[in-house]
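To start, the structure under review is shown below, and the notes come after it.
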Amino acid sequence: MEKLLKELQHANLESQTRRHFLQSCGFGLGALGLGSLLGSCGNSNAETDTAAKLASSKIPQFAPKAKRVIYIHMAGAPSQLELFDYKPELLKYHGKDCPAEFLEGKKFAFIQGVPKMLGPQGKFNQYGNSGAWISDYMPHLQSVADEITFIKSMHTDQFNHAPAQLLMHTGSARLGRPSLGAWSVYGLGSENQNLPGFIVLASGGQQPDAGKSVYGSGFLPSVYQGVQCRTGGDPVLYVSDPTGMNRSMRKQTIDAINDINRKTYEDVQDPEILTRISQYEMAFRMQMSVPEVMDVSKEPQFILDMYGVKPGEGTFAMNCLLARKLVENDVRFVQLFDWGWDAHGTSSTSNVEGGLREKCQESDRPVAALLQDLKMRGLLEETLVIWGGEFGRTPMQENRNGLVMPYMGRDHHLEAFTMWMAGGGVKKGYSHGETDELGYYGVKDKVHVHDLQATILHLMGFDHEKFTYPFQGRNFRLTDTMGKVVSQVIA
Amino acid sequence: MTLTVIVASDFTNFIGRFHPVLVHAPIGFLLIAALLEAGRRMGKISVSESTVTFILFWSAVSATFACFAGYMLSLGGGYDEKLLSDHMWQGIGVAAFAWIAWLLKSEFFQNSKTLLAKFYFPAFCLATILTMTAGHDGGSLTHGEGYLTQYTPEPFRSLAGMDPIKKEISGIQPIADIQQALVYQDIVQPILEMKCVQCHNEKKQKGDLRVDQFVSLQKGGKEGPVFIPGKGAESSMITRCLLPEDDDDHMPPKGKPQLSTDQITLISWWIDQGAPVDKKVSDIKVTEQIKTALAGLGSSGGASKSELPKSAESAIAKLTVSEPSEKDIEALRKAGLLVNRLSQDQNLIEVSAVNAANFGDAQISLLLPLAEQITWLKLGKTKITDAGLKEVSKLKNLTRLHLEHTAVGDAGLANLKSLKYLEYLNLVDTKVSDRGLKNVADNKSVKSVYVWGSAVSDSAIAVVTSKYPGLVITNGLNKELMARFAQKNDTLTSK
C-alpha cells in the first residue's frame, strides 16, 4: 500500500510540468489584473473528447456499398497456379528449364540458377454461369463461383512474408502504419457497442509472420486496433470476473478507475487515455457479449455441418462460422488469418501436391459455406469478403540451394497472383485481369496491392486520396501516394 | 529555317529535356538585373555597378546553356516550324545581347570612353524585351497557342476582340440522343480533344501526329497509321493506351489525364466498325459492353464528370433531401439508436437499432421527424411488429429495410407498398408467408428480398420470380441442400 501511494505521488510530481506552473500562474495572477499579459497561459478550455466520440464515424465521401468486411488472409501465400489461374501451356513446359528472360535481373527468395518449370497440379474446369476457372483443389468453392470476382493480375513489391503481409494490410512494407481494419473502423465507426469494431481470428497453428502489426492501429489512436479473440476456451483472456468478485463490484471498480483516468485526461489531454477508458468499458460489456457471440453451441446442427465445425475446436472452419456470427452482430471488420500455405516443396506438408490439397480441404468448405450462409441471411450484399495471400507462387519449381526438392513446390512470386472478392458491391461472377500463358506476369489490367486497397476503401465509401490522418506533420493515407480504384470490379 | 548540325539521339533528348528548367535562370536573372538597373538609374536604391555586371554575366552564361539545351530539344521534332524558328532566334538574341551588354558594361569599355559604351543600355533593353517574347513563344510551343489568354474574362475579352469562351473546353458535353449521335464527331473526337489534342495539334505535333482533324488522324504519325480500320485491338492508338502507365510508349504520357476504360472501349469500337466518319450510332453494331459505355455519355451520366461508375443503388444517388435536424438525430441517439450520415454530398442517413434490442412500436414515432432523410433502416432483432410497420411506411425515401428476426408478418408488409424507392428487404426468420411476399413483389422498386427461415414457400418464390424477372428472392439452402453441400467430394468429414 505504501508503495502504491509513493508511486501515485511520484506520478503526480511527474505530471507537474512547467506548463502546469504557468497555467496556475494564469489563474493566480489573473486575479491581480495581470491576466491579460499571460492570457494564453490560462486558457486551456480544450474540448473534452469522450470515448464515444472515438468510436463514432467520419462521413464517407460516397454511400458505402460494403458496410462490413471479412478479410480471409491465407498466410504463406496460396499457389494461384494450382487453384484459379489455369495455364495449360505451363503443363507443356513441365520439367523443362525456365526461359532465361524470366530470370534475368530477377531475385527470388530461394530459387537459384536455372530452375525447371512446374506444370499445374490441379485439374481445372469452368464453373457457374460465369465460367470461372477453379481446380479440383476447391470443390466447394465451385458451387458459389457466380458470387465471386476473381482478380488474376495482382502484383506486389515484396517477396518475403512479413513485409508482403505488411504491405497488403497496411499499405507499407515497413512497420508503423495502421491496418486496413483500423482505417475502416476509424472511418466508418463501430456499430455494436458491446463488441470491438475490428476482431481478429487466427488458425493454422501460428500467427502471421508479420505479427500483430498486420492488424495494428499504427499512428491512429489504439482504440482502432484489431482485437484478437481465441477460438478455443475463453475467447478473450482475463475478461471474466476473478473469483470472489461479482459483476456489480467489477462495475464499481471500473467506474472508479475511469473517473481517475478521465481526470488525468483533462490534465494531460493524451488521446491514449480515452482509448484506455473505452477499453475498460468495452471489456466490461464484452464479459456478457463475447461469450454469447462466440458460443456456437446454439447454432443448429445443419449449420455446423455445412461449415464442418465441431464445437470446441479452434479450426479455420470455426473461425469462418464465428466471422458470420460477428458480422451478423454488426462487427465492422473481421480479419481471419490461416497459417500454413507456404508450399515450397520442402516437406510432406509444405508442397503444392499433398500439403496444399490438405490446406484446401480444411478451408474450402468453410469458405464456401460462409458465402452461402451470408447470402441466405441477406448479409452478403452488405459484406465484402476478401480472400488471398500476400503474394503468389512461381511457375517454376523451387530448387532451394540448387538442389532437387523432395516434393513439388513453388517459390514466392511477386509478379502475379490471384485474389478474390465477393459481396459488398463487387461484381458477381466476374474475372478481372490476365497473366501470360505461363502465369509469370500480369499482361492485362494489372492490379497492384495499393489499387486493391483503393478499391476496398472505395467500396466502403471512401476516396482513398481524401481519407487521411494527420501524423508528424503530414496527412497519411492507406495507399500512401499510389493506388487507383479498379472500377471494373465494382458492380 | 532550321539548323541541322547534330542528329537527335538519346543524349540530345536527355539534355534537351532540361531546357524548360534552364530557361528560367536567364529570365529571372535578366529581370532582376533590369529591375536593379532601373532602380539605380532612378536613384531609388544604391547598387554598385559590379552587382549589375555580375548578374548580367550569369544571365549571359545561363542563356547560352538554355540555347544549347533548347536546340537539342527541338531535334526531337513535333513543333510548329515557324513558331519554333521565331523562338530559337529570339532565344539566341537574348544570349547574344546579354553577352554584349555585359561586355560593354565591363570596366574595359566603360573606361575606354569609346562611343561603344553608350550602346550598353540599348543592348540591355533589347535582351530584356527578347526574354519576354522568346518566353511567350516558348509557352505557346509547350501549352499551345492562346493558352495564356484562353480564360480572359469579360469585358477585356470583347475589348481585345476575342471570341467568347468556348463552352466544350471543359469536357465532353452530354449527348441528348445517343442513337442519333455521329460516332466520330460526337463521341470519338470529343475524347481526343480532351485527352490527346494538347500535344497532337496543328502547332505541336508530337511524333508527327495530329489528331485534331480526321484527315490527319487517318494519316498517322512518324511510325505510320495509328489505327487499322476494323482492328481496334491492333491499332497503336489503342494498344498504347493499354500499356502500363510506366511504359515509355504509354499514351497519354504518365502524369497527364488518362483515358477512362469506357473511353478506350468506345474508340476501339469505332475502329472495329471500320472507323467511319459519317455513321450514326444506330447505323453500326452495338454490343452490351458498348451500351454501358454509351450510357455514360447520356445527359444523365456524364462520363467526363466521374471516371467511376455510378452506384448501383441509383435511387440513393438521385435522392436530394434537406439537412436533418441535429435535435431529431439526438433524440434517436438517446433512444439507443445508431445514426450515421450516408455520405458527405447527401443528407441521407442510416439508422440502426443494433444496440437497442428493446426498440419497438412505442418508440417508432421518433423516426418520423426524419422521414425524409432515413434511407437505410435496420430493425433486425427488435420488438417491432406489424403495427410499427405502419409508421415505417411513412419513411418515404427508404431504400434498405432490415426486419430479420422480428415478429412482423404479412399484415405489416402490406403497408410497405407505398415505399417507392425500397430496394432491399430482409425478412429472414419472420412470420411472413406467401401472401406477404406477393405484396412485396408488387412494389416495382424492390430488387432483393431475403426470406430464409420465414413461412414463404419455394413454390411461391418460383411463381413470383417468373412474374418479376428483375427481382431476386433468396431463400438459402434448405436442410437437404445443405447436407448435400456438406457431402460434395468431401474428405474433411472422413478424416
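Predicted model, so just to flag it, every value in this text is computed and none were measured. Letters A, B, ... are given to chains in the order of the sequence lines, protein chains preceding strands, and every chain is numbered from 1.
The shortest distance between side-chain heavy atoms of R377(A) and Y450(B) does not fall below 4.5 Å. E328(A) has its side chain out of reach of E404(B): every pair of non-hydrogen atoms, C-beta onward, lies at least 4.5 Å apart.
Around the NZ atom of K431(B), the shell of radius 6.0 Å holds no more than 12 heavy atoms that belong to other residues, nucleotides or ligands. Around OH of Y421(B), the count of heavy atoms belonging to other residues, nucleotides or ligands within 6.0 Å does not exceed 12. In this structure, K325(A) places its NZ atom where more than 12 heavy-atom neighbours from other residues, nucleotides or ligands lie under 6.0 Å away. The environment of E330(B) atom CD is dense: over 12 non-hydrogen atoms of other residues, nucleotides or ligands sit within 6.0 angstrom.
Chosen from Q61(A), M306(A), Q488(A), K375(A), the residue pairing most often with chain B at heavy-atom distances under 4.5 Å is Q61(A). Between chain A and the residues N426(B), N355(B), D345(B), V451(B), the most heavy-atom pairs under 4.5 angstrom are made by N355(B). When L338(B), V428(B), D429(B), N475(B) are compared by the number of non-hydrogen pairs under 4.5 Å with chain A, L338(B) comes out ahead. Taking Q301(A), K444(A), E382(A) one by one and counting their heavy-atom pairs under 4.5 Å with chain B, the maximum is reached by E382(A). Put simply, of G442(A), P300(A), A369(A), the one with the most heavy-atom pairs under 4.5 Å next to chain B is A369(A).
Summarising the geometry of S343(B) relative to A63(A), their closest heavy-atom pair is CB-N, 3.4 Å, with the distance given to 0.1 Å. P60(A) and R341(B) get closest at one heavy-atom pair: CD-O, 3.9 Å. Closest of all the heavy-atom pairs between T474(B) and M376(A) is CG2-CA, 4.1 Å.
With hydrogens and angles ignored, the 3.5 Å screen pairs no side-chain donor or acceptor of D330(A) with any backbone N or O of V354(B).
Contact check on K378(B) versus E191(A) returns no salt bridge, with no Lys/Arg side-chain nitrogen under 4.0 Å from an Asp/Glu carboxylate oxygen.
Rounded to the nearest 0.5 angstrom, H402(B) NE2 and L379(A) CG are separated by 7.5 Å.
For D445(A), no part lies near chain B; criterion is any non-hydrogen pair under 4.5 Å. Residue contact with chain B, scored on non-hydrogen atoms closer than 4.5 Å, is absent for K446(A). For K466(A), no part lies under 4.5 angstrom from a heavy atom of chain B. In this structure, chain B has a heavy atom under 4.5 Å from the side chain of Q372(A), while its backbone stays farther away.
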